[in-house]
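A note on names: the letters A, B, ... follow the listed sequences, proteins ahead of strands, and every chain is numbered from 1.
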Number of protein chains: 2
Amino acid sequence: MSTDKREHIDKREHILTEAEKLFAEKGFDGTSVRDIAHNAGVNLAMISYYFGSKEKLLESLIELRAGYTIGILEELNKDESLSPWDKIERLVDYYVDKIITNLPFHNIMHQQSLNARSSEIKDLIMSIKLRNVEQVRKIFADGEQKGIFRKIDMEMTMGTIMGTISQYTISRDYGCRVLNIDRTHEETYRTELALRLKAHLKQLLRAHLGIK
Amino acid sequence: MSTDKREHIDKREHILTEAEKLFAEKGFDGTSVRDIAHNAGVNLAMISYYFGSKEKLLESLIELRAGYTIGILEELNKDESLSPWDKIERLVDYYVDKIITNLPFHNIMHQQSLNARSSEIKDLIMSIKLRNVEQVRKIFADGEQKGIFRKIDMEMTMGTIMGTISQYTISRDYGCRVLNIDRTHEETYRTELALRLKAHLKQLLRAHLGIK
DNA sequence: TTGAATTAAACAAACGTTTAATTAAATTTT
DNA sequence: AAAATTTAATTAAACGTTTGTTTAATTCAA
């Protein structure tokens, strides 16, 4: 029956979600397969049974989570009714929301960008990032060509967008201290951070790109 | 004699330098004490003998490397002959050079910001970052008060500076691909990256702060 | 009755750390 | 200055855990 198949998939996803939390909190190498099995409430051997290995589990997680970002960017690019600057504003909104609602996964991507030792995972992350970057570059190139954007270093500007968002999403403790946000409420922290990030990035990019 | 003392300290520093390379490449948890001992050419037991533990070794490394940053920032702040904008330009030059000439250490600080499990290290990194941030904030506040800088979100702007620099220093492979820099020569990569980062950040901040 | 899901137990390897013995250097005593 | 003594540096080996993965037996569902 289809319910069995569903249950099977749900269990796989459940393990991945628990692994995601642990990887984000303690790092990939700092998380043991026993940790994952215990937190997911499954037997130790099930991780090898489902995923083959700890590394393959991470690959499965990345493939699961990174799937649908590119679709949104492509759609955004296709939309002829939006001006390049509109697209940048939507891009900022989208990225900020996406990262802040997926903090654990973003954390994992970050740590793997730094220290991935498996070349499969390196390549996987690289291809995901490059595909996204390519879509963003198109928006900048279009705006520049149409004379709407001032001439800028596009690659560096993309780095500024992603880097700024990352800076305070990497460590909640640090973000709360510097931004003077209440440390205790996860929810208020996220909404406050999202608001400030969006406002700041739009103001920054507007000035940088020379939008009136 | 003093030479003996020197040799002793040199050996400690040698171990720290080798550990730094390994931590940066494979992560703290991905690096074994045997790795470090082997790369440094010392007996395994010497790491415990000198540092007490692997974690204490990391603390020693951070304390060694993070020592003198704050001094430069304080000096920069005291200098009355510089305008706030001059200070920002020097700040950018200083940070870019510092991070690019200390990529492995910066990598380690980054990964520990993400996933440090020892609260001693968490606190250590937090205090280092906060002290630096405080000095940078003073420059922005001074410029704003004097009416030289437009009113901006200071904390977010600091995040933009640090985040932009981090973005392409995290992964050389990624940086080379996006920025179209030759992957094979470490030296040209560093100088090219430093040049572009400085130019971009100054142009960006000039527009953002409303400097004519 | 067949195949998949689940389990407890075991596996060898790698881990951080400690031990006890030995060598080298520094200090004190002759 | 030489010998004796104390302290520090270095070593190989072992410690007990923990690691990721596998096995072989068992339960469950088709």
Side-chain angles (χ1 to χ4, degrees), chain A residues 1-16 18-23 25-62 108 111-112 115-121, chain B residues 1-16 18-23 25-62 108 111-112 115-121:
Chain A
M1 274 208 293
S2 77
T3 56
D4 299 317
K5 192 81 180 172
R6 269 267 310 291
E7 272 174 29
H8 177 266
I9 291 176
D10 284 355
K11 194 159 213 166
R12 253 186 73 104
E13 279 209 23
H14 175 63
I15 294 172
L16 287 177
E18 293 303 316
E20 185 179 42
K21 289 181 204 163
L22 289 167
F23 288 160
E25 194 190 321
K26 314 204 280 177
F28 178 75
D29 288 312
T31 302
S32 72
V33 180
R34 281 168 182 81
D35 269 344
I36 299 169
H38 179 257
N39 274 43
V42 301
N43 186 277
L44 170 63
M46 296 305 292
I47 273 93
S48 295
Y49 182 75
Y50 275 130
F51 303 99
S53 69
K54 188 186 173 188
E55 221 169 77
K56 289 271 183 61
L57 182 151
L58 176 58
E59 283 182 49
S60 298
L61 174 62
I62 293 174
I108 293 168
Q111 55 169 272
Q112 289 300 313
N115 302 120
R117 268 163 308 130
S118 141
S119 57
E120 281 83 11
I121 287 169
Chain B
M1 274 208 292
S2 76
T3 56
D4 300 315
K5 192 82 181 177
R6 268 266 310 291
E7 272 173 28
H8 177 268
I9 291 177
D10 283 356
K11 194 159 211 164
R12 254 186 73 105
E13 280 209 23
H14 176 61
I15 294 171
L16 288 177
E18 293 303 316
E20 185 179 42
K21 289 181 204 163
L22 289 167
F23 288 160
E25 194 189 321
K26 315 206 279 178
F28 178 75
D29 289 311
T31 302
S32 72
V33 180
R34 282 168 180 81
D35 269 344
I36 300 169
H38 179 257
N39 274 43
V42 301
N43 187 277
L44 169 63
M46 295 307 291
I47 272 94
S48 295
Y49 181 74
Y50 275 130
F51 304 99
S53 69
K54 187 186 173 187
E55 221 169 78
K56 291 269 183 63
L57 183 151
L58 176 57
E59 284 183 50
S60 299
L61 174 62
I62 294 175
I108 293 168
Q111 57 169 269
Q112 290 299 313
N115 302 120
R117 268 164 306 130
S118 141
S119 57
E120 280 83 11
I121 286 169

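In terms of position along DNA chain D, the nucleotide closest to A:Gly30 lies nearer the 5' end than the nucleotide closest to the other residue of the pair A:Gly30 and A:Gly52.
Here the side chain of A:Met46 is nearest to one of C:dT6, C:dA8, D:dA9, namely C:dT6. Here the side chain of B:Leu44 is nearest to one of C:dT17, C:dA10, C:dT7, namely C:dT17. Of the listed nucleotides (D:dA12, D:dG20, C:dT17), D:dG20 has the atom at the smallest distance from the side chain of A:Val33. Minimum atom distance to the side chain of B:Ser48 is reached by C:dT18, of the listed C:dA5, C:dT18, D:dT10. Of the listed nucleotides (C:dA8, C:dT17, C:dT6), C:dT17 has the atom at the smallest distance from the side chain of B:Lys54.
Rounded to an integer number of Å, the gap from B:Arg117 CZ to D:dT18 P is 14 Å. Remark: C1' of D:dA9 and CZ of B:Arg12 are 14 Å apart, rounded to the nearest angstrom. Atom CZ in A:Arg34 sits about 16 Å away from atom P in C:dA14, given to the nearest Å. A:Asp29 places its CG atom 12 Å from the P atom of D:dT19, with the value rounded to the nearest Å.
Residue-level contact check: B:Ile47 touches neither bases nor backbone, having no heavy atom under 4.0 Å from any strand.
Between atom CG of residue A:Leu58 and atom CD of residue A:Glu120 there is a gap of 11.0 Å, rounded to the nearest 0.5 Å. Note that CG of B:Asp29 and CG of B:Asn115 are 8.5 Å apart. Values are rounded to the nearest 0.5 Å. Interatomic distance, B:Ile47 CD1 to B:Asp35 CG, rounded to the nearest 0.5 Å: 10.0 Å.
Distances shorter than 4.0 Å separate some side-chain N or O of B:Lys11 from OP1 or OP2 on D:dT10. Side-chain nitrogen and oxygen atoms of A:Tyr50 include at least one within less than 4.0 Å of the OP1 or OP2 phosphate oxygen of C:dT6. Between A:Tyr49 and C:dA5, a side-chain N or O to OP1/OP2 separation shorter than 4.0 Å is present. In this model, the phosphate group of D:dA12 is approached by a side-chain N or O of B:Asn43 to a distance below 4.0 Å at OP1 or OP2. Residue B:Ser32 has a polar side-chain atom (N or O) positioned under 4.0 Å from OP1 or OP2 of C:dC15.
Taking the centre and axis of the six-membered ring of B:Phe28, the NZ or CZ atom of B:Lys54 falls inside the cone set by 45° and 6.0 Å.
No more than 12 heavy-atom neighbours from other residues, nucleotides or ligands sit within 6.0 angstrom of NZ on A:Lys56.
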